[in-house]
Amino acid sequence: MRVVRSFLFAPGNHPRKVEKVFSAGADAVILDLEDAVAVAEKSATRAVVVQAMQPARSCLGYIRINALDTVWAFEDLEAVVTPGVDGIVVPKIESPEALATTEWVITALERKRGLPEGGIDVLPIIETGKGVATVRDIAKAARRTRWLSFGAGDYTADMGLDLTRDEAECAHARAEIAVASRAARLEPPIDTVWTRLDDPEGLAATAQTVKAMGFQGKLCIHPNQIDAVHQVFTPDAETIAQAQRIVDAFDRAEAEGSASIQVDGLFVDYPIVQRAQRTLATAKAAGAL
């Protein structure tokens, strides 16, 4: 199991940020060809982000291409399906057909270049009303996708909503993405970026909210956000200790023929034990156990 709590964006055409991003402590890095790169620099930036992916690193390395309905998307894919790239982030996915087309192109390029077939992940961003409306079909169509992700900025713009500090207007979209991920047996999804860089308390609050909704991490746009995100999505010592007590006590009870007990005043049966086991697995993968 590999825990992924943070995906840190960096603009692909900013050499200093690209140089530093891999050592910022994120679980995964996304070098951007889309929103963070000016139109005049998009073509030249492709080779830059591919080259940046080549040195050894401890985190996953992804590249975000431009949306499929733009003039840059196909050449983006042609450029970035290379060794050293762990995954490709595809914005504004709105249908299972769009995801299937993306995966078909990647597969064809892998075969052409002698790369391991299926070795490159696809991370779709659900960030429009249509994308949310069809997200269950999108999730079921995924073959290379480990996680879905949510983009609140484009979603609220598309829907004509105000993006407020508590992000209540995003609750429905997040719930749909979480349910779709579980129904398709994908890993828990990744939440949107927090754009209020001067409000770390708001970041912590929204991370807690989406964790409770079934998300496993967040997209980040600044290195200073990583520790706060990891703190929320990594079980703390008290949570780990209680999970261990639950698992140990249930193992003893089950050996004696019982499948329902009390631990720390909490009624425990199989669903509670499974949750505790997931907590321990996450803690171990995150280096907290």
Side-chain angles (χ1 to χ4, degrees), residues 2 4 7 28 30 32-35 60 62-74 76-78 80-81 85-111 117-161 163 167-193 209-219 278:
R2 181 166 189 165
V4 180
F7 279 82
I30 302 173
D32 197 19
L33 293 174
E34 195 207 14
D35 289 344
L60 295 172
Y62 282 59
I63 296 173
R64 179 167 71 170
I65 65 169
N66 289 277
L68 298 181
D69 61 355
T70 68
V71 298
W72 304 287
F74 181 72
D76 286 349
L77 285 171
E78 278 195 310
V80 305
V81 177
V85 176
D86 294 310
I88 296 171
V89 181
V90 188
K92 300 180 180 65
I93 287 290
E94 294 187 317
S95 69
E97 293 79 12
L99 184 58
T101 297
T102 304
E103 294 188 348
W104 183 88
V105 172
I106 293 172
T107 298
L109 290 169
E110 285 174 338
R111 290 172 179 169
E117 190 170 326
I120 295 177
D121 294 340
V122 171
L123 176 63
I125 308 181
I126 308 300
E127 50 188 336
T128 65
K130 183 178 179 181
V132 172
T134 58
V135 69
R136 300 191 189 194
D137 292 331
I138 292 169
K140 287 188 292 185
R143 297 293 178 268
R144 293 172 176 265
T145 295
R146 297 168 59 186
W147 318 274
L148 300 176
S149 63
F150 175 51
D154 281 293
Y155 171 73
T156 50
D158 179 62
M159 294 292 293
L161 305 173
L163 184 56
E167 300 178 331
E169 59 282 347
C170 297
H172 171 73
R174 283 169 165 151
E176 286 288 339
I177 292 169
V179 170
S181 297
R182 182 59 189 151
R185 297 296 187 265
L186 302 180
E187 295 182 33
I190 308 298
D191 190 50
T192 188
V193 299
T209 296
V210 299
K211 178 177 179 290
M213 296 181 72
F215 284 69
Q216 72 162 293
K218 283 187 70 67
L219 303 171
R278 287 197 300 270

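Side chain of Glu176 to backbone of Ala133: no donor-acceptor contact under 3.5 angstrom is found. With Thr145 contributing its side chain and Asp121 its backbone, the two residues share no donor-acceptor pair below 3.5 Å. When atom types are taken as modelled, the side chain of Thr134 and the backbone of Glu94 share a donor-acceptor pair closer than 3.5 angstrom.
Between the side chains of Arg144 and Thr107, at least one donor-acceptor pair of N or O atoms lies under 3.5 Å.
Side-chain contact check for Val4 versus Trp147: some heavy-atom pair is nearer than 4.5 Å. With contacts defined as side-chain heavy-atom distances shorter than 4.5 Å, the pair Lys92/Glu34 qualifies. Inter-residue side-chain proximity for Thr209 and Asp191 is flagged as unmet; no heavy-atom pair is nearer than 4.5 Å. Taking 4.5 Å as the limit, some side-chain heavy atom of Leu163 sits within range of a side-chain heavy atom of Cys170. Side-chain atoms of Pro91 and Glu127, non-hydrogen and from C-beta on, do get closer than 4.5 Å to each other. The side-chain heavy atoms of Ile190 and Gln216, taken from C-beta on, include a pair separated by under 4.5 Å. With a 4.5 Å cut-off on side-chain heavy atoms, Lys218 and Val193 do not count as touching. Counting only heavy atoms from C-beta outward, the side chains of Met159 and Glu169 never approach each other to under 4.5 Å.
When all heavy atoms are compared, the tightest approach of Leu68 to Ala73 is CA-CB, 3.7 Å. Residues Pro189 and Ala178 approach most closely at CG-CA, 4.0 Å, considering heavy atoms. Heavy-atom minimum distance, Leu99 versus Pro124: CD1-CG, 4.0 Å.
Shown are Asp32, Val71, Asp76, Leu77; of these, the side chain to side chain contact (heavy atoms under 4.5 Å, CB included) with Asn66 is made only by Asp76.
Annotation: the span from Ile177 atom CD1 to Leu148 atom CG amounts to 7.0 Å, rounded to 0.5 Å. How far OH of Tyr155 is from NE2 of His172: 6.0 Å, rounded to the nearest 0.5 Å. Here the straight-line distance linking atom OG of Ser149 with atom CD1 of Ile30 works out to 7.0 Å at 0.5 Å rounding. Taken from OG1 in Thr156 to CD in Glu167, the straight-line distance is 9.0 Å, to the nearest 0.5 Å. In this structure, CG in Asp154 is found 8.5 Å from OG1 in Thr128, a value given to the nearest 0.5 Å. Taking CG of Leu219 as the reference point, atom CZ of Phe150 lies at 10.5 Å (rounded to 0.5 Å).
Note on ring orientation: taking the six-membered ring where Trp is involved, the planes of Phe7 and Tyr62 are perpendicular (angle over 60°, cut-offs 30° and 60°).
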